[in-house]
Amino acid sequence: MQTKRVLVIGAGGREHALAWRLLRAAQVAEVIVAPGNAGTARERGMRNAAVAVTDIDGLIALANNEQVDLTVVGPEVPLAAGVVDAFEAAGLRIFGPNQQAAELEASKTYAKAFLERHGIPTAAHQVYTDLDQALAYVRQRGAPIVIKADGLAAGKGVVVAMDLAAAEAALQDMLEGSSMGSAGHRVVVEDFLAGEEASYMVVADGLDYVALASSQDHKRRDAGDQGPNTGGMGAYSPAPVVTAAIEQAVQRQVIEPTLAGLAAEGRRFRGFLYAGLMIDEQGGIKVLEFNVRMGDPETQPLMMRLDDDLYALLHAATNGDLAGRSLKWDPRPAIGVVMAAEGYPQSPRSGDPITGLDVTQLGEVKVFHAGTALLDGEVVTAGGRVLTVCALGEDYARARALAYQRVSAISWPGCFCREDIAHRALST
Ligand code: AMP
Ligand code: GLY
């Protein structure tokens with residue numbers, strides 16, 4: 001019986017994909033997305049509520065007024081602000097980590113110290129607030145080297161400096177400039193790691209967890225992994241670099257000690273735990289970062305492949321009842337191509353009408369919205385990452401062809417995408 005109402009907090013492609021998959025669960029009648037985007041507004045069975053992700057009182061009032069059975073949090077900002085603590089104090093069921101556990105993402109210095117404390121593999125690092133000391137360290141350590149702003153910077157607080165001049169400029173900018181705001185007043189300087197990146201996410205409750213399929217993101221703006229870092233220009237699942245042996249090593253060396261370490265430190269973790277990994281040629285694994293939420297755009301291809309009841313799983317997690325559970329996945333790979341607005345990531349233009357959205361949709365293809373809005377009934381751009389166009393295929397080549405075929409039918413002035421999403425999977 002479809003009687004349950006779910007609230008998804010967020011406005012991105014990740015939230016559209018989570019809401020879309022939740023709506024397919026046996027018990028779910030309706031999904032409300034706050035604040036949502038044009039895609040979630042137009043989806044049958046979904047509606048938007050105009051409440052900002054940072055308006056915690058407003059979100060609680062919404063969940064109460066709409067008699068929401070389960071709330072799922074998309075982005076990190078409300079988690080770091082304590083939305084889960086506030087919902088639980090109000091007696092509302094919510095899936096996500098509490099404020100203390102969310103520090104694993106909100107503070108890179110906390111995360112790095114945590115990793116070292118628990119012997120979880122990660123790059124060697126130092127923390128600085130003083131520019132001269134930081135400069136002295138990078139000059140002694142040499143390039144390439146990586147500079148990270150401590151706080152939340154929407155995926156844009158990391159500079160991979162290939163030479164000393166770039167490292168020095170990044171330190172100047174973060175510690176003395178104002179481009180990162182207070183997020184940049186403390187920096188982590190860490191060793192550069194070579195290898196291939198992968199994303200590994202689990203649904204966790206304390207020590208128990210259910211693994212999601214592996215995936216891989218494309219963080220640089222331009223083809224061939226060139227250009228500035230972005231929030232992610234495309235993703236696919238599974239990631240061939242995550243073999244069965246690597247997956248087992250990730251669970252033993254990263255996921256389990258992380259959940260155990262958090263529990264031991266009184267920060268029991270309930271929520272999506274995302275490990276950003278670097279995997280070297282010998283199969284060695286290091287943690288690049290933790291997120292306390294699903295990845296965006298990785299969620300979009302993952303939700304295409306998930307062939308199971310997401311509501312039942314997340315509901316079980318909020319009851320502490322994950323033990324013995326697992327998830328079924330479509331064996332076919334899925335690819336998601338981000339279509340971005342001109343100027344992304346620095347200063348995306350917005351307000352452009354999008355054409356080509358209303359063509360007949362194949363079952364294997366889905367366009368998830370991110371930065372879109374409805375203006376007089378028309379879908380217009382309203383952010384940097386505008387859409388994630390996803391497709392399932394018998395193999396990566398077929399999934400990619402289907403996704404790009406759909407991309408080619410959609411346009412607005414200045415739109416662009418990377419043409420090489422899943423290039424690593426296709427070359428293996
Ligand atoms: P993060 O937000 O920490 O995941 O960093 C963003 C991106 O910067 C990562 O996805 C990597 O591509 C790159 N990166 C971060 N740390 C390192 C590192 N230690 N070595 C090489 N690349 C890195
Ligand atoms: N796609 C990377 C992230 O969500 O942080």
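Numbering of ligands and ligand atoms starts at 1, following listing order. If you read the sequence from its start, that first residue is 1, and numbering goes on from there. Computation of the quantities below employed the complete heavy-atom set of this structure, encompassing side-chain atoms and omitting hydrogens, waters and symmetry-equivalent molecules. For clarity, every value in this text was computed on a predicted model and none was experimentally measured.
Distance check: Arg398 CZ to Leu392 CG gives 11.5 Å after rounding to the nearest 0.5 Å. Interatomic distance, CG of Asp205 versus CZ of Arg270, reported as 4.5 Å (0.5 Å rounding). Between the CZ atom of Arg221 and the CZ atom of Phe416 there is a distance of 6.0 Å, given to the nearest 0.5 Å.
Using a 4.0 Å cutoff on heavy atoms, Gly231 counts as a contact of ligand 2. For the ligand labelled ligand 1, residue Lys286 lies outside the 4.0 Å heavy-atom shell. Gly295 counts as a contact of ligand 2, since one of its heavy atoms falls under 4.0 Å from the ligand. Residue contact annotation: Asp217 has no non-hydrogen atom under 4.0 Å from ligand 1.
Heavy-atom proximity to Lys219, at under 4.0 Å, picks out these atoms of ligand 2: 2 (C). Below 4.0 Å from some heavy atom of Asp217 lie the following atoms of ligand 2, by number and element: 1 (N), 2 (C). Of all the atoms in ligand 2, the ones that sit under 4.0 Å from a non-hydrogen atom of Arg293 are 3 (C), 4 (O), 5 (O). Using a 4.0 Å cut-off to heavy atoms of Lys108, the atoms of ligand 1 that qualify are 2 (O), 3 (O). Each of the atoms 20 (N), 21 (C) of ligand 1 lies under 4.0 Å from some heavy atom of Phe192. Within the listing of ligand 1, atoms 16 (N), 17 (C), 18 (C), 19 (N) sit less than 4.0 angstrom from a heavy atom of Glu190.
No hydrogens or angles considered: nothing links the side chains of Ser199 and Asp217 as a donor-acceptor pair under 3.5 Å.
The residue from Val287, Leu288, Leu193 that puts a heavy atom closest to atom 17 (C) of ligand 1 is Leu288. Here the shortest heavy-atom distance to atom 18 (C) of ligand 1, taken over Val146, Asp225, Ile145, Val188, belongs to Val146. Considering each of His218, Lys148, Glu197, the one bringing a non-hydrogen atom nearest atom 11 (C) of ligand 1 is Glu197. Taking only non-hydrogen atoms, the option from Asp296, Thr299, Thr230, Val338 nearest to atom 4 (O) of ligand 2 is Asp296.
The nearest pair of heavy atoms linking Asp130 to Asp132 is OD2-N, 3.2 Å. The shortest heavy-atom contact between Ala235 and Ile421 is N-CG2, 3.9 Å.
At a heavy-atom distance under 4.0 Å, no atom of Arg14 approaches ligand 2.
Note that Arg267 lies in the cation-pi zone of Tyr110, set by a 6.0 Å cut-off to the ring centre and a 45° limit from the axis.
In this pair, Phe114 and Phe290 present their aromatic rings perpendicular. The plane angle is above 60°, beyond the 30 to 60° band.
Between Lys366 and Glu43 there is a salt bridge, with a side-chain nitrogen of the basic residue lying less than 4.0 Å from a carboxylate oxygen of the acidic one.
Here the side chain of His218 pairs no donor or acceptor atom with the backbone of Asp225 at under 3.5 angstrom.
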